[in-house]
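Below is one structure, written out as structure tokens, with a few remarks after it.
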Amino acid sequence: MIFNIDDSSDFSLDNLPFGIFSTTDRDKRAGVAIGEKIIDLYALHQVGEVFDFDATILRQEALNDFISLGKSITNKVRSDIQDWFKDKDSVLARNPQVFVNQSDAQMHLPVRIGDYTDFYSSIEHATNVGKMFRDPENALLPNWRHLPVGYHGRSSSIVISGTSINRPYGQTKPVGAAKPIFGPSKRMDFELEMAFIIGKKTSLGDSVSIHQAEDHIFGMVIFNDWSARDIQKWEYIPLGPFLGKSLGSSISPWIVTMEALAPFRVPGPNQDPEVLPYLEYNGNHNYDINLEVDLMPDGGATNTICRSNYKYMYWNMLQQLTHHTVNGCNINIGDMMASGTISGKDTHSYGSMLELTWGGKNPLTLNDGLTRTFIEDGDTITMKAFAEKDGQRVGFGSVSGKILPPKTK
Ligand code: CA
């Protein structure tokens, strides 16, 4: 090993996620996270001519062109780094200048996101929301168990971890009010999600079969789908989420590859009734990824308010992607598809304030005696995700964002 990586690090040698970073003397470029460092891939090629592809694509503002090289090449970059890191005479060992401290780097959106889709694939979340917004007796709509429900979101407002979000203005209709009002949202929320990133494009008219779907998925990030519940509740019928969602979504900066996540595959939940044949899959395609949400009031202490797991998803990524393209809808490299809020069965595993406080009825008590029904100005929400098994850890780092007061109009 060139240097020791702490056992508790998300960025183990088994992981090696890709991202876009810059420092005061390095413009935006591709990097690989390892321990507390980043390997500058462009600088590595400059000193070693180690890659047999056009290395200028490593010095771009997004990973799209790199990802377009295909998994045979992107996976080889990871496996080469694994080999070099273990070899004290390797090009990596001989050139310490290719390592950058993560603490000295600024992270950027890792891909140009052409299109963004948000699914609604946690049965616990869909049931909780259905009970609160619609009918406690028939929380799931009739289609829910037959297809992975989703909607087309906006990619323009997806931001990198660390970006603050202003409380949005909008139109709401308070309970009991005769007519709607306009003003800042009073029910700001987060949604704990994971998103996958498309690594192989298709043409209009093509469909990705369930057996091909994995080949089209490059990797994953943590996704916080900020939500204004009062705006959402008034606007969403009959066409679904709109301005209550497009106020911003935040992602973690490192794309963890599907190959790094492979050891953490687990069976999904039993799907009842049986799905239609085009959604039938073989093997294990859920992933055991621990999830955590922390709330930190302005100047206050960190409170862990939710612990969930990505393995709870009812619909898996292969089913989501297959369904998404079954009508011939084309996909492009860098497209992002989010899971929907990931809630578990017990109340501490609910992935939104809406569920944790049951629509604001049961406020959360924080460590310092403060209470919260929804997110207040100055609160920072941080989400973390990692998989761990047999001493092997593959993590995502975190995605963090602070809610600021509404912009003055
Ligand atoms: Ca969502």
Side-chain angles (χ1 to χ4, degrees), residues 113 115-134 139-141 143-144 147-159 161 163 165 167-168 170 185 187-197 220-237 239-252 289 291-293 305-306 308-310 312-317 319-321 323-324 335-344 349-357 359 374-375 381-383 385 396 399-401 403:
I113 307 161
D115 279 302
Y116 153 58
T117 299
D118 196 15
F119 285 95
Y120 191 53
S121 289
S122 153
I123 197 164
E124 288 83 6
H125 172 70
T127 303
N128 288 338
V129 174
K131 281 180 182 171
M132 275 183 273
F133 275 28
R134 285 189 298 271
L140 289 182
L141 287 167
N143 60 3
W144 200 91
L147 57 87
V149 169
Y151 71 95
H152 295 299
R154 283 193 66 81
S155 54
S156 67
S157 54
I158 298 178
V159 295
S161 177
T163 309
I165 302 281
R167 180 176 297 272
S185 168
R187 296 195 148 201
M188 265 307 287
D189 203 351
F190 62 83
E191 289 192 331
L192 170 61
E193 306 194 19
M194 304 284 300
F196 66 87
I197 292 162
M220 300 183 74
V221 293
I222 317 170
F223 194 95
N224 179 357
D225 186 20
W226 300 102
S227 299
R229 297 299 180 195
D230 42 0
I231 298 172
Q232 180 187 356
K233 189 174 183 185
W234 174 231
E235 75 180 0
Y236 85 105
I237 296 169
L239 288 187
F242 190 32
L243 305 182
K245 298 289 187 175
S246 58
L247 60 107
S249 299
S250 305
I251 64 167
S252 55
I289 302 172
L291 305 170
E292 176 183 312
V293 182
I305 56 174
C306 162
S308 187
N309 195 300
Y310 185 60
Y312 297 140
M313 301 304 294
Y314 188 87
W315 296 101
N316 64 46
M317 287 179 270
Q319 293 178 311
Q320 291 169 336
L321 183 56
H323 183 66
H324 201 309
D335 285 359
M336 200 164 279
M337 301 192 179
S339 56
T341 307
I342 305 159
S343 294
S349 64
Y350 292 169
S352 64
M353 294 294 278
L354 178 73
E355 295 162 271
L356 288 166
T357 69
F374 289 93
I375 301 170
I381 297 292
T382 301
M383 298 175 178
F396 289 77
V399 55
S400 197
I403 295 297

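Each ligand, and each atom within it, is numbered from 1 in the order the structure gives. The chain is numbered in sequence order, starting from 1.
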(message) Nearest 10°: the angle subtended at the Ca ion (ligand 1) by Asp225 OD2 and Asp118 OD2?
(response)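 Approximately 80° at the metal, rounded to tens of degrees.
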The Ca ion (ligand 1) has as its nearest N, O or S atom from Glu191 the atom OE1
Closest to the Ca ion (ligand 1), among the N/O/S atoms of Glu193, is atom OE2
Considering non-hydrogen atoms only, spot the tightest contact between Gly359 and Met132 and give its length.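 Where Gly359 meets Met132 most closely, the heavy atoms are N-SD, 3.4 Å.
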Interatomic distance, Thr117 atom OG1 to His324 atom NE2 [nearest 0.5 angstrom]:
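Those atoms lie 2.5 Å apart.
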CA sep, side-chain torsions, deciding dist, call: Asn309, Leu291, side chain to side chain contact (heavy atoms under 4.5 Å, CB included):
CA-CA 5 Å; Asn309 195 300; Leu291 305 170; 5.5 Å; no
Fill in: Pairing of Glu191 and Arg229 as salt bridge, 4.0 angstrom limit
yes
